[in-house]
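The block underneath contains the structure these notes are about, expressed in C-alpha cells.
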Amino acid sequence: MSYDIKIVGGNIVDGTGAPGYRGDVGISGGRVVALGAAPDDAKTVIDATGRVVCPGFVDIHTHYDAQVLWDRMVTISPWHGVTTAVVGNCGFGIAPTRPDHRRLILQTLENVEGMSLEALEAGLGSDWGFETFPEYLDAIERHGMAINLGVLLGHTPLRMYVMGEDAVERAATPEEVARMRDLVREGLEAGAVGFSTSKAVTHWGYHGKPVPSRLAEIDEIEELSSPVGEVGGMLQVNVGPGFYLKELAPIARRTGRQISWTAMLTGLFGPGGHRKQLDRTAELAEEGINIIPQVACRPLNFEFQFEAPFPFEAMPMFAELGAGTRSERMAKYADPAWRQKVRDNLIPVLHGWTDRTTIAVYEADPALEERPLAEVARERGVDPTDLAFDMALATDLKARFRTAVLNTDEEAIGEMLHDPNTVLGLSDAGAHASQLCDACFSTHLLSYWVREKGVLTIEQGVRALTSRPAEVFGITDRGTLALDVPADVVVFDPATVGAAPIKRVYDLPGGADRLQSDAVGIDAVIVNGTLLRRAGVDQVDPEGALPGRLLRRGRASEPGRLAAE
Ligand SMILES: [Zn+2]
C-alpha cells in the first residue's frame, strides 16, 4: 500500500504517558495505519528527526461557539497544535436562541467573555440559520471547520430560550425546569458532549445583570444535570457561592458522571489553600466521585480598559456601574472618595494589584507603554490607584492595563499540574479576545513547564494536552496515537517549541482587535489525516473542504448515524 502521509524518524510520544520511542507513523484514509514501523511509500513524507510526534492537542475550554461560524480555521488554536476544541463552556453559547433574543445573547457574550459586540454581529449576520441546539450542531457541521469540535449545551442560552428575559430576574417554575430538562436531553441525544453552567460572581451579562444561570437554584441545576446521567456526557461548571464541592458531590453521585469545574487557580484559596482542595478532591475520587478541577499553566493576565474592567467586576461597586452611563462611570472614577472606597474594598485576588500591573496601551504618552504602573507612580510621587484612574480618564477610558490576577504561585501550579485528579484547561480561547490570549497554553506548557522548569516530563506534558482532557470530557476517539485511531497528529521540536510574545491584531469581523501569539517549533499539524499546517503555514484552503469533524457525543460519526445506533 501507499500512505497519504508518513512521518519518519521521530520520537513517538503516544499521549498515554508511556515512554517515547523512535519510530515512524503511516497515515491513510484519515487514520493511523502504521505505528513504529511504516515501511511503505507515501505521497507526503515528513522528516521528524529530533522531533516529537504526538497526538493532536485537546483544548477543553474554549469559547469558539460564534467564531467558528465566521472563522472556519478556528484561529489561533491549531497554530499551537490544538486539533480538538470544546465549546459551550461556562454555560455560554449561542444556541438555543430565538431570533428576538439574539442581540441579548450577544450582549451577554460581550460583557461576560469580553467579545466585541460589533465583531459578533458582523460575523454572525442577522440570520444565524439556526434556533435550536440540534440546528446549531447541524449548522456548524455543514459549515465545516479546520479542527474537531465538541459542544457543551450551555445553561445561559437555554434559560433565555425557555424563560425569556425573566431568565435574568428569577428562579424557574417547575414547568420551566421540566421544559429545560427536556431540551438538555434533546441536546445530548443530538450530540452535545455535556451540559455546562455557571454560578461565578464574575459573570455579568447584558445590561449589567447576572447571567441567567446565576439565577438558577441548586434544584434546577440538579434537574438539568439528570439527562446527562441517563443519556451520557459530562458536566462543566463554574463554581460560585453556594455551588462548590458540597453541592456538586450529590450531582456527581446521582448522575454517575464526571464534573469538571472552573477553575482551580493559585490565589483563590489563600496561601497553600489549593492543597486542601486537592486533598478533598482525592477523597471524593476514592469514593468514585469525579469532580475534576481545571487548572491553568499560565498566570491569568488580563488586559483591560476601565470602560469594562473585567478583573474588577466581581466587586459590586464596579458591577453596578454596568447599569449606568459612560459619563456616570467617569464621574465615579474621578471622585477621590470613590477611589478610596476601591482601595478599601478590594477583593482578595486584587490585593496588591498595582504591583502586578503593566501599562499596556497609553496613547497619551506611548513612552509609558510596557512599564510597571507602580514604578511610574513612584517616579511621579503619586498613588498608583490614582495614576491608573487618571490615565483612564485622560484617554476616554481607552488606556489599557495588564494585570496578573491569579495563578502566579509557580510552586503550587507545578503541584496542581502533577496531581492525578486535575485536568489542564481554561485557555478561554475565543473569549476575552482583546484582554488575554491563552490559546497558546499548549506550546507554553511544553516550553516552560517541560523544557525550562523540568516540572513535567515530555510524556507527562503530552498526556496533559491529549488523553487526559479527552477522557475527562468524554471524547473517546481522540487523545492517543494508536493504530486505527483518527489521525490527529502534531510534530514539534522539543528544543524550540513555545509561544511567541502576545501581540495585538485587528482581524476580527468589522476590524475589532484581539490578542494573538504565534507558535514556535510546531512543524506539522494533521487533523483526521489531512495536513492542516506545516512550518507555521496553513496547507488547506480556508474556503474549501476542511478536515475538522463535529464530535457528536464525543466522537466523529456520520450525521444521523447515531439515531440508528
Ligand atoms: Zn470560559
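Just follow the structure's listing: the first ligand is 1, and inside any ligand the first atom is 1.
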For Leu300 and Thr408: C-alpha separation, side-chain torsions, deciding distance, then whether side chain to side chain contact (heavy atoms under 4.5 Å, CB included) applies.
CA-CA 8 Å; Leu300 206 58; Thr408 51; over 6 Å; no
Could you go step by step and tell me if Cys437 and Ile76 meet the side chain to side chain contact (heavy atoms under 4.5 Å, CB included) rule?
CA-CA 9 Å; Cys437 176; Ile76 62 170; 3.6 Å; yes
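For the side chain to side chain donor-acceptor pair (under 3.5 Å) test, residues two or more places apart in sequence or in another chain that qualify with Ser427 are Asp59.
Atoms of the protein (N, O or S only) found under 2.8 Å from the Zn ion (ligand 1) are His61 NE2, His63 NE2, Cys90 SG, Asp428 OD1.
Evaluated for a side chain to side chain contact (heavy atoms under 4.5 Å, CB included) with Val237, the options Phe243, Tyr244, Phe195 yield exactly one hit, Phe243.
Heavy atoms of other residues, nucleotides or ligands lying less than 6.0 angstrom from CD of Glu217 number 12 at most.
Between Phe133 and Tyr161, the distance separating the two ring centers is not shorter than 6.0 angstrom.
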